[in-house]
Amino acid sequence: NIVMNILLLGSGGREHAMAYKLSQSELCDQLYIAPGNGGTNECGVNVNLKVSDFAGIADFALSHNVKLLVVGPEAPLVGGIADYFASRADLCEIAVIGPSKDGAMLEGSKDYAKAFMLENKIPTARYRTFSAGELDEAYLFLDSLQSPYVLKADGLAAGKGVLILDDVDDAKRELRAMLLDAKFGDASAKVVIEEYLSGIEMSAFVLTDGHSYVMLPEAKDYKRIGEGDTGLNTGGMGSVSPVCFADDVFMEKVRTRIVKPTIQGLRHRKIKYCGFIFIGLMAVKNAVDGSLDPYVIEYNVRMGDPESESVFPRIKSDLVSLLCHAAEGTLDRGSLIIDSRTAACVMMVASGYPESYRKGDVISMANARQGGLIFHAGTALSKEGNLVTAGGRVMCVTALDNSLPEALNKAYQMVDKISWDGKYQRRDIGQDLLRMQLDK
Ligand code: AMP
Ligand code: GLY
């Protein structure tokens with residue numbers, strides 16, 4: 001393997017965590033992050049390019065001798081950036097980490113993902129998909145299910161396209177709004193209606209070259225704004241890794257029932273997939289033997305955010321080497337060494353988030369760095385050179401320690417050294433898992 005220049009696309013905490021890990025590699029010469037944020041420039045050079053500007057990204061990569069392009073968010077993948085790079089002869093020496101447009105459909109269309117799972121006998125909730133002309137059949141299907149009712153806009157809806165309703169008449173009203181009144185725009189031209197799964201959620205992560213794969217550490221994220229998992233959904237308020245209930249037996253079920261058939265299914269459909277697969281799982285108690293069984297809630301074709309902020313710090317192996325193996329189709333020869341310690345990540349957000357929120361507040365973080373890692377998300381440098389808030393999720397801290405309570409304790413100590421006007425964070429990250437451990 002040779003030393004190379006790398007371009008990472010994205011601007012969130014996920015990308016800061018990836019940039020941190022990529023920049024540690026001896027194989028990384030110059031790291032560029034486009035567009036990056038107020039923290040990624042500690043790991044490399046921020047480049048003012050939009051992730052949707054494929055031609056601009058290609059020009060930059062050529063003129064800066066970039067050999068590896070790592071795509072953080074889903075939008076450019078669903079938009080076909082991997083296909084764009086594969087289609088231009090002058091870009092053929094640049095390896096892209098991220099699936100083709102076909103592969104990105106696993107995230108870009110819920111209907112596609114469900115059909116894929118059915119075809120490959122991957123455990124998931126029973127479902128049917130309906131379009132505007134099929135409202136009556138959709139109502140009948142809803143009547144055949146039990147409460148609560150799960151409605152999913154087929155397309156990308158910025159994480160807002162899933163509705164869970166207790167009352168069948170509310171479900172029918174919402175379904176009508178999705179199909180006939182474009183509640184989520186084009187994304188809800190088709191709606192997946194599925195059975196409600198009762199259990200506890202977690203996320204599994206895979207890096208694949210399309211044939212071989214490695215399973216990265218699993219994680220659990222905390223999606224709601226309020227403590228005790230209440231209030232509006234957010235991009236994610238914190239994460240922990242590992243997840244106590246995801247023991248070897250459970251993860252072996254994930255591997256054999258989900259990961260292997262997913263990769264076989266991609267090959268069967270002749271889909272080029274070199275990149276990350278993020279599998280959102282529900283662990284459901286088996287009625288017969290009481291063990292936990294994994295069901296797929298959703299696929300994403302990228303890493304999670306803020307799961308990345310607790311997953312990447314636990315990867316001891318050289319990430320650039322692993323990505324090169326993925327690009328060359330030799331992941332079976334890649335090694336993955338995982339830190340046995342627990343990582344806890346706490347996200348700090350701006351006042352008002354996830355609704356309209358304030359920007360431009362000056363961040364103070366004297367001595368906060370001691371004890372862990374700080375990953376920026378929505379931060380920027382002001383004209384005066386101050387670090388200021390520039391997004392809803394502003395920054396997070398990750399701490400590693402021998403147990404979850406110790407990791408959380410360290411993380412919250414760091415959180416308390418960071419401040420800005422209106423800063424908010426949940427105080428209960430990981431508490432549900434601690435209660436589960438006590439109950440055992
Ligand atoms: P998704 O965008 O598909 O991840 O769905 C958003 C959230 O809705 C998930 O994180 C789950 O909490 C919940 N959810 C989705 N599908 C189901 C289901 N079939 N049963 C129970 N909860 C679900
Ligand atoms: N944390 C969930 C996601 O990245 O989609």
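For the numbers below, each heavy atom of this structure counts, side chains included, while hydrogens, waters and symmetry mates do not. Whatever order the structure lists ligands and atoms in, that order sets their numbers, starting from 1. In what follows, residues are counted from 1 in the order of the sequence shown.
Applying the 4.0 Å criterion to heavy atoms of Lys152 picks out, from ligand 1, the atoms 3 (O), 15 (C), 16 (N). Within ligand 2, counting atoms from 1 as listed, the ones closer than 4.0 Å to a heavy atom of Asp221 are 1 (N), 2 (C). Annotation for ligand 1: atoms under 4.0 Å from non-hydrogen atoms of Lys110 are 1 (P), 2 (O), 3 (O). Under a 4.0 Å criterion applied to the non-hydrogen atoms of Arg302, ligand 2 contributes the atoms 3 (C), 4 (O), 5 (O). Of all atoms in ligand 1, listed by their number and element, those nearer than 4.0 Å to a heavy atom of Met282 are 21 (C), 22 (N). Near Gly304, meaning under 4.0 Å from one of its heavy atoms, ligand 2 places the atoms 4 (O). The distance from ligand 1 to the heavy atoms of Glu298 drops below 4.0 Å at these ligand atoms: 1 (P), 2 (O), 3 (O), 4 (O). Interface of Glu194 with ligand 1, defined as ligand atoms under 4.0 Å from a residue heavy atom, comprises 16 (N), 17 (C), 18 (C), 19 (N). For ligand 1, the atoms closer than 4.0 angstrom to any heavy atom of Ile164 are 8 (O), 13 (C), 14 (N), 22 (N), 23 (C). Close approach of ligand 2 to Gly235 (heavy-atom distance below 4.0 Å) involves ligand atoms 1 (N).
With no hydrogens or angles considered, no side-chain donor-acceptor pair links Asn286 and Ser291 at under 3.5 Å. Between the side chains of Thr262 and Tyr213, no donor-acceptor pair is found at a separation under 3.5 Å.
Among Leu31, Leu68, Val66, the one residue that satisfies the side-chain contact (heavy atoms from CB on, under 4.5 Å) test with Leu7 is Val66.
With hydrogens and angles ignored, the 3.5 Å screen pairs no side-chain donor or acceptor of Ser308 with any backbone N or O of Arg14.
Heavy atoms of Arg14 found under 4.0 angstrom from ligand 2: none, in either backbone or side chain. Contacts with ligand 1 closer than 4.0 Å are made by backbone heavy atoms (N, CA, C, O) of Glu195 only, the side chain lying farther away. Looking at Leu197 against ligand 1, both its backbone and its side chain come within 4.0 Å, counting heavy atoms.
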Output, in order, the C-alpha distance, side-chain angles, deciding distance and verdict of salt bridge (Lys or Arg N to Asp or Glu O under 4.0 Å) for Asp111 and Lys190. CA-CA 8 Å; Asp111 177 47; Lys190 280 198 273 184; 3.3 Å; yes
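Across all non-hydrogen atoms, the minimal contact from Pro217 to Phe205 is O-CD1, 3.5 Å.
Aromatic ring orientation, Tyr84 versus Phe54: tilted (interplanar angle from 30° to 60°). Using cut-offs of 30° and 60° on the angle between ring planes, the pair Phe141 and Phe130 is tilted.
Between Tyr20 and Glu42 the shortest side-chain heavy-atom distance does not fall below 4.5 Å. The closest side-chain heavy-atom distance from Met347 to Tyr222 is not below 4.5 Å.
If you check which protein heavy atom lies closest to atom 8 (O) of ligand 1, you get Val162 CG1, 3.7 Å. Looking from atom 17 (C) of ligand 1 to the surrounding protein, the closest heavy atom is Ile297 CD1, 3.6 Å.
A distance of 14.5 Å separates NZ in Lys110 from CD1 in Ile193, rounded to the nearest 0.5 Å.
Backbone and side-chain nitrogen or oxygen atoms of Asn300 are examined, and none is located within less than 3.5 angstrom of a nitrogen or oxygen of ligand 2. Residue Asp305 has at least one nitrogen or oxygen atom sitting less than 3.5 Å from a nitrogen or oxygen atom of ligand 2, judged on distance alone. Checked against a 3.5 angstrom limit, the closest N/O atoms of Tyr196 and ligand 1 fall outside it.
Note on Lys152 versus Glu194: salt bridge recorded, some NZ/NE/NH1/NH2 to OD/OE distance being below 4.0 Å.
Compare Arg224, Arg126, Glu201 by their heavy atoms: the one nearest to atom 9 (C) of ligand 1 is in Glu201.
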